[in-house]
Amino acid sequence: MTSTSLSRSLTAPTINRPNIVAVGTIVWLGSEVMFFAGLFAIYFTLRSTSPELWEAGTEVFNVPFAAVNTTILVLSSVTAQFGVFAAERLQARRTGWKPTQWGMIEWFFLTYAMGAVFVIGQVYEYAILVSEHVSLTSDAFGSAFYLTTGFHGLHVTGGLIAFLLVIGRAYSVKVFTHRDATSAIVVSYYWHFVDVVWIGLFLVIYVLQ
Amino acid sequence: MKTNINIFWILVAFFALLTAVYTTWALISTDRVEWVGTVAIGLCAVLSAFIAFYLQLVNRSTGGLLPEDRLDADIDDGDPELGHFSPWSWWPVFLAGAVSLAFLGLAAGIWIMFYAVPLAMLGLVGWVYEYYRGNFGR
């Protein structure tokens with residue numbers, strides 16, 4: 001016995017309800033935009049009040065290194081998207097070794113590796129800068145640089161943890177369903193967002209200087 | 001949802017206009033750009049555009065008119081199941097406690113972090129996998 005009405009008109013179009021998890025994630029990422037707005041505001045204000053610190057500070061940057069690191073992060077967004085395509089066809093695992101046969105798990109492991117390389121690159125860059133006496137407490141330039149890139153780095157690290165949790169979920173189920181695909185999709189939203197924020201930071205900090 | 005989309009696009013126009021007004025006004029009265037307001041108001045426009053654009057995509061993929069866009073719809077027509085929320089889970093409480101401890105560590109003494117971070121990881125993993133193991137394994 002069912003309590004559902006059976007008299008639904010046959011001509012009525014099928015309406016898919018919005019995915020609440022996906023919409024909620026986007027609204028939350030909207031609030032993250034404002035979090036980074038605060039950091040950008042700090043950066044621009046300090047840069048306009050003490051331009052001489054920026055002239056001295058940006059000299060120690062290794063821009064080609066940062067550009068390579070940026071490229072790796074941007075490409076990791078591409079691999080994350082291929083993972084989402086696999087999740088959307090409900091394919092968790094590979095059916096062969098060729099990338100066209102990869103499932104969500106393989107693509108997300110690759111994305112994880114690239115994101116981890118980015119974080120390692122950033123830690124290496126921090127070590128170089130500290131050896132050049134640019135630190136969080138050295139001056140306004142150091143504070144602005146480490147606050148903006150540091151909070152971004154923490155977001156990347158959080159995304160890496162999220163990828164591991166989604167991969168773990170895919171391993172823990174016998175049948176990969178839309179529910180699991182949703183968590184893969186929202187983690188990819190977050191990853192693309194963090195990627196776009198980094199493109200903004202890279203342009204402002206390394207290109208615009 | 002169409003109304004929501006329109007409201008967000010109106011907000012985009014409003015914040016974009018306000019960014020221009022604020023920046024110009026600051027330039028006229030102080031001869032320099034006031035970055036906090038310019039960045040904050042400008043990114044408010046970006047935030048609104050971001051949500052409006054995404055809601056447009058969602059609205060298109062629903063493939064029909066949602067109840068909230070119909071004048072003849074009743075309230076409970078647009079009362080979908082919001083999602084699955086565990087009625088008895090202790091994991092959010094556990095995680096919140098661990099994160100509170102972590103912030104106490106930042107404030108009072110970094111050694112507390114060595115206990116708080118593993119607890120937070122435990123709470124996070126416990127929460128994420130709550131419906132993926134034991135009785136709920138599938």
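Hydrogens, waters and symmetry mates play no part in the numbers below; they use all other heavy atoms, side chains included. Letters go in sequence order (proteins before strands), and every chain restarts at 1.
To the nearest 0.5 Å, atoms CG (A/Leu29) and CD1 (B/Ile51) are separated by 9.0 Å. Put simply, CE on B/Met121 and CD1 on A/Ile161 are 4.5 Å apart, with the number rounded to the nearest 0.5 Å. Here the straight-line distance linking atom CZ of B/Arg133 with atom OG of A/Ser172 works out to 10.5 Å at 0.5 Å rounding. In this structure, CZ in A/Phe44 is found 10.0 Å from OG1 in B/Thr38, a value given to the nearest 0.5 Å. Rounding to the nearest 0.5 angstrom, the gap separating the CD1 atom in A/Ile26 from the CG atom in B/Leu55 is 9.0 Å.
The minimum heavy-atom distance linking A/Pro18 with B/Met1 is given by the pair CG-CE, 3.8 Å. In terms of heavy atoms, A/Leu164 sits closest to B/Tyr129 at O-OH, 3.9 Å. Considering every non-hydrogen atom in both B/Leu47 and A/Ser31, the closest pair reads CD1-N, 4.2 Å. What you find for B/Val39 and A/Ala37 is that their closest heavy atoms are CG1-O, 3.4 Å. The two residues B/Tyr54 and A/Ala22 come nearest to each other via the heavy atoms OH-CB, 3.2 Å. Considering every non-hydrogen atom in both B/Cys44 and A/Met34, the closest pair reads SG-CE, 3.5 Å.
For B/Val58, the part lying near chain A is the side chain, with the backbone staying farther off; criterion is any non-hydrogen pair under 4.5 Å. At a 4.5 Å heavy-atom cutoff, the contact between A/Val23 and chain B is made by backbone and side-chain atoms alike. Contact of A/Thr49 with chain B is made through backbone and side chain together, with heavy-atom distances under 4.5 Å. There is no contact between A/Ile42 and chain B, counting heavy-atom distances below 4.5 Å. Interface residue A/Tyr189: only side-chain heavy atoms are found under 4.5 Å from chain B. Within the 4.5 angstrom heavy-atom criterion, atoms from both the backbone and the side chain of B/Tyr132 approach chain A. Proximity to chain A (any heavy atom under 4.5 Å) is restricted, for B/Ser61, to the backbone atoms N, CA, C and O.
The environment of CH2 in A/Trp28 is crowded: more than 12 heavy-atom neighbours from other residues, nucleotides or ligands sit within 6.0 Å. Atom CZ of A/Phe35 has more than 12 heavy atoms from other residues, nucleotides or ligands within 6.0 Å. Heavy-atom contacts from other residues, nucleotides or ligands closer than 6.0 Å to CZ of B/Phe136 number more than 12. Crowding of A/Phe82 atom CZ: a count of heavy atoms from other residues, nucleotides or ligands under 6.0 Å not exceeding 12. Dense packing is recorded around CZ of A/Arg89, with more than 12 heavy atoms of other residues, nucleotides or ligands lying under 6.0 Å away. In B/Ile75, the CD1 atom is not crowded: 12 or fewer heavy atoms of neighbouring residues, nucleotides or ligands sit closer than 6.0 Å. Heavy atoms of other residues, nucleotides or ligands lying less than 6.0 angstrom from CZ of B/Arg70 number 12 at most.
Residues A/Arg169 and B/Tyr131 fail the side-chain proximity criterion, which asks for heavy atoms closer than 4.5 Å.
Residues of residues 137-148 of chain A placed with any heavy atom under 4.5 Å of a heavy atom in chain B are absent; none qualify.
The candidate from A/Val166, A/Leu165, A/Val175 with the greatest count of non-hydrogen atom pairs under 4.5 Å with chain B is A/Leu165.
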